[in-house]
Student: 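The following block contains the structure, expressed as structure tokens.
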Amino acid sequence: MRIFCFGDSNTYGYDARSMSGERLGANERWPEILGKISGWEVVNEGMNGREIPESPWFLEWFDHLLSACAPVDLLFLMLGSNDLLNSYCPDIENIGSRMEKFVKHVLKHPAVDGRGKKIILAAPPPVEIGCYGEEYVCYDRESHKFGACYGTIAKQYGLRFADTAGWELPLAHDGVHLTPEGHMRFADQVWMMMQKFV
């Protein structure tokens, strides 16, 4: 099995304890942990700050990444947190619209070939930044809508779906990034989920 994990800093393994954007060790990042647990080849294509691809050049770059990794048995897709946090007025419907367009693009890629069951669409963990000020509460509120929004997209296009909101994932002091324990729990949850359909 080869799993292509395309995400943001919570896939990349950003270490929120660092002051210069350092990365957690390979034994602390959920894609690499999943690889050890499962024995599968798990490709970590996370990147700090990544939003849902939308521009032509970004989509072309994604296509190149996926083609270079082919053949792929599963594509684990978890994005949207940066789209949310970089919005002046966060709106889950706008983010969902971007994700739907991206999903439609991914389904056309030869490595997927229209097979929705090759894609696991994951709703990102809800953020917890409201404690930093009343003006941030709206971000927390909207982030809890990822599950319903992405679940609808997954059902419409025949994708597999994971709602991480129910996984009780520990977040770092910034209320956004997974702790090493959070990464371990994330990998365990993905592994349990995958055993049901692999």
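We use all heavy atoms of the structure for the numbers below, so side chains are in, but hydrogens, waters and symmetry mates are not.
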Student: Do Glu100 and Tyr157 have side-chain atoms, one donor and one acceptor, less than 3.5 Å apart?
Tutor: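 A donor-acceptor contact under 3.5 Å links the two side chains.
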
Student: Given Met99, which of Asp83, Leu77, Ile92 fulfils the side chain to side chain contact (heavy atoms under 4.5 Å, CB included) condition?
Tutor: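 Passing option: Leu77.
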
Student: Determine, for Tyr136 and Arg141, whether the Lys NZ or Arg CZ falls below 6.0 Å from the six-membered ring centre while staying within 45 degrees of the axis.
Tutor: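 Ring-cation test returns no.
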
Student: What closest approach, in Å, do Tyr88 and Tyr139 show between heavy atoms, and which atom pair accounts for it?
Tutor: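 Here Tyr88 and Tyr139 meet closest at O-OH, 3.5 Å.
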
Student: Would you call Lys36 and Glu32 a salt bridge, using N to O less than 4.0 angstrom?
Tutor: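 No.
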
Student: In terms of the angle between their ring planes, are His177 and Tyr14 parallel, tilted or perpendicular, with boundaries placed at 30° and 60°?
Tutor: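 Correct class here is tilted.
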
Student: With a 4.0 Å cut-off, would you call Glu51 and Arg98 a salt bridge?
Tutor: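 Yes, Glu51 and Arg98 are salt-bridged.
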
Student: Of Trp191, Phe4, Phe76, which is the lone residue that meets ring pair (Phe, Tyr, Trp, His ring centres under 6.0 Å) with Trp40?
Tutor: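 Result for ring pair (Phe, Tyr, Trp, His ring centres under 6.0 Å) with Trp40: Trp191.
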
Student: Is it true that the NZ or CZ of Arg23 lies under 6.0 Å from the centre of Tyr12's six-membered ring and within 45 degrees of the ring axis?
Tutor: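 Judged by the rule (NZ or CZ under 6.0 Å from the ring centre, within 45° of its axis), Arg23 counts as positioned above Tyr12.
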
Student: How about His105 and Asp63: does a side-chain donor come under 3.5 Å of a side-chain acceptor?
Tutor: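 Looking only at side-chain atoms, Asp63 and His105 do form a donor-acceptor pair, the distance falling under 3.5 Å.
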
Student: Please name the pair of heavy atoms, one in Leu24 and one in Asp15, separated by the smallest distance, quoted to 0.1 Å.
Tutor: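 Looking at all heavy atoms of both residues, the shortest contact is CD2-CG, 3.6 Å.
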
Student: Counting N and O atoms only, with roles assigned by atom type, does the side chain of Ser38 sit under 3.5 Å from a partner on the main chain of Leu34, one being a donor and the other an acceptor?
Tutor: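 Yes.
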
Student: Restricting to non-hydrogen atoms, name the atom on Met78 and the atom on Thr11 that form the minimum distance, rounded to 0.1 Å.
Tutor: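 Taking Met78 first and Thr11 second, the nearest heavy atoms are CE-OG1, 4.1 Å.
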
Student: Between Phe6 and Phe62, does the ring centre distance come in under 6.0 Å?
Tutor: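 Between Phe6 and Phe62, the centre distance is under 6.0 Å.
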
Student: Inspect the surroundings of CD in Glu168 and state if more than 12 heavy atoms from other residues, nucleotides or ligands are less than 6.0 Å away.
Tutor: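 Result for CD/Glu168: open.
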
Student: Angle class for the Phe58/Trp61 ring planes (parallel below 30°, perpendicular above 60°, tilted otherwise)?
Tutor: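 Taking Trp61 first and then Phe58, their aromatic rings sit tilted (interplane angle of 30° to 60°).
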
